[in-house]
Amino acid sequence: MAISPPSDLVLDVVKAADPMEVQAAQEKLKANRAAFAATSLAENGKGFSNTVDVLDHVGQKSGLANVQNRTKTEEVPESYRKFEAMVLQNFVKSMLPSESEEVYGKGATGDIWKGMMAEQLGNTMAKGDGIGIAKQMYSELLRRQEGKIVNASTDDDDRNTALSMIDDFQRKTFGTPTAEAKTDRTG
């Protein structure tokens, strides 16, 4: 039987170590590996925080960053703002790069992070004045409500139907002959 001193020593140390300490050491190694991967992505300019920083910088340039400081010129109901946010979320999600595994991660988790980023961007854009979808829809609703005029005119068919109903009601109530019966007797 051959003896391999370095591996046997390591194996003996592992066997003699407390299992909780071994597990803690393994967790530290995993955390260090993840931190190294995140750091290397950030150093290359492809990390999540770098993407958020770029978006913040663009938001400040475009005036989207100070959403809370805006004055609302017209009060639009929240349901219209939520609809605009949903539309913007879909627009933003379709505009985000499809090859973004370095930023968001791989697989379903990466898709979830990407969707969450699009949702937050859509919500932020919809606050304040948004891009005008909610405001336009609400003003269209108000315009339609103002334009509603009750059409009180009737045509001959409606008038004849109403008269026949009145005659029928009078005949049943008072026992009087209808206008048609009167004309039949005289004519």
Side-chain angles (χ1 to χ4, degrees), residues 48-187:
F48 188 79
S49 62
N50 186 50
T51 303
V52 171
D53 290 342
V54 168
L55 291 173
D56 284 343
H57 179 67
V58 170
Q60 289 171 352
K61 278 182 144 180
S62 65
L64 291 175
N66 57 352
V67 173
Q68 286 76 21
N69 297 337
R70 294 182 189 169
T71 58
K72 293 187 178 181
T73 56
E74 184 179 347
E75 191 61 36
V76 178
E78 188 65 24
S79 58
Y80 289 92
R81 295 219 182 271
K82 286 181 181 179
F83 177 77
E84 182 173 3
M86 182 194 64
V87 169
L88 289 171
Q89 173 187 344
N90 289 331
F91 285 159
V92 168
K93 191 171 184 178
S94 68
M95 289 187 284
L96 289 174
S98 58
E99 301 296 324
S100 57
E101 292 177 352
E102 295 94 14
V103 177
Y104 303 110
K106 294 182 181 180
T109 306
D111 290 339
I112 290 171
W113 280 109
K114 186 177 178 181
M116 289 172 66
M117 172 75 92
E119 179 182 2
Q120 290 303 314
L121 288 170
N123 289 340
T124 302
M125 290 170 62
K127 288 180 183 175
D129 290 336
I131 62 170
I133 296 172
K135 187 175 180 181
Q136 184 176 5
M137 288 178 59
Y138 185 60
S139 64
E140 178 69 21
L141 174 74
L142 293 177
R143 188 186 64 77
R144 283 185 190 162
Q145 287 178 346
E146 288 173 1
K148 284 188 177 181
I149 299 173
V150 177
N151 187 1
S153 66
T154 58
D155 59 358
D156 287 337
D157 291 335
D158 291 337
R159 188 172 293 118
N160 290 337
T161 303
L163 287 174
S164 68
M165 291 172 78
I166 291 170
D167 285 344
D168 189 43
F169 177 74
Q170 286 177 346
R171 183 180 50 80
K172 289 179 181 176
T173 305
F174 302 116
T176 59
T178 61
E180 292 173 356
K182 288 181 186 177
T183 57
D184 287 342
R185 280 191 238 152
T186 57

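These values consider heavy atoms only, across backbone and side chains, with no hydrogens, waters or symmetry-generated copies. Computed from a predicted model, the values in this text were never measured in an experiment.
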If you look at every heavy atom in [X] and [Y], which pair is closest and at what distance?
X     : Y      : answer
Leu88 : Ala126 : CD1-N, 3.9 Å
Glu75 : Tyr138 : O-CE2, 3.7 Å
Glu84 : Ile131 : OE2-N, 2.7 Å
Pro97 : Lys114 : O-NZ, 3.0 Å

Are any non-hydrogen side-chain atoms of [X] and [Y] less than 4.5 angstrom apart?
X      : Y      : value
Ile133 : Tyr80  : no
Leu121 : Gln89  : no
Leu141 : Gln145 : yes
Met95  : Phe91  : yes

Trace of the side-chain contact (heavy atoms from CB on, under 4.5 Å) decision for Ile112 with Met116: CA-CA 6 Å; Ile112 290 171; Met116 289 172 66; 3.8 Å; yes
Trace of the side-chain contact (heavy atoms from CB on, under 4.5 Å) decision for Val92 with Met125: CA-CA 10 Å; Val92 168; Met125 290 170 62; 4.1 Å; yes
Out of curiosity, [X] [atom1] to [Y] [atom2], how far, rounded to the nearest 0.5 Å?
X      : Y      : atom1 : atom2 : answer
Thr161 : Ile166 : OG1   : CD1   : 11.0 Å
Glu119 : Asn90  : CD    : CG    : 10.5 Å
Lys93  : Asp111 : NZ    : CG    : 7.0 Å

[X] and [Y] ion-paired at < 4.0 Å:
X      : Y      : value
Lys82  : Glu78  : no
Asp168 : Lys172 : yes
Glu146 : Arg143 : no

Criterion side-chain contact (heavy atoms from CB on, under 4.5 Å) on Trp113 and Met117, from CA distance to verdict: CA-CA 6 Å; Trp113 280 109; Met117 172 75 92; over 6 Å; no
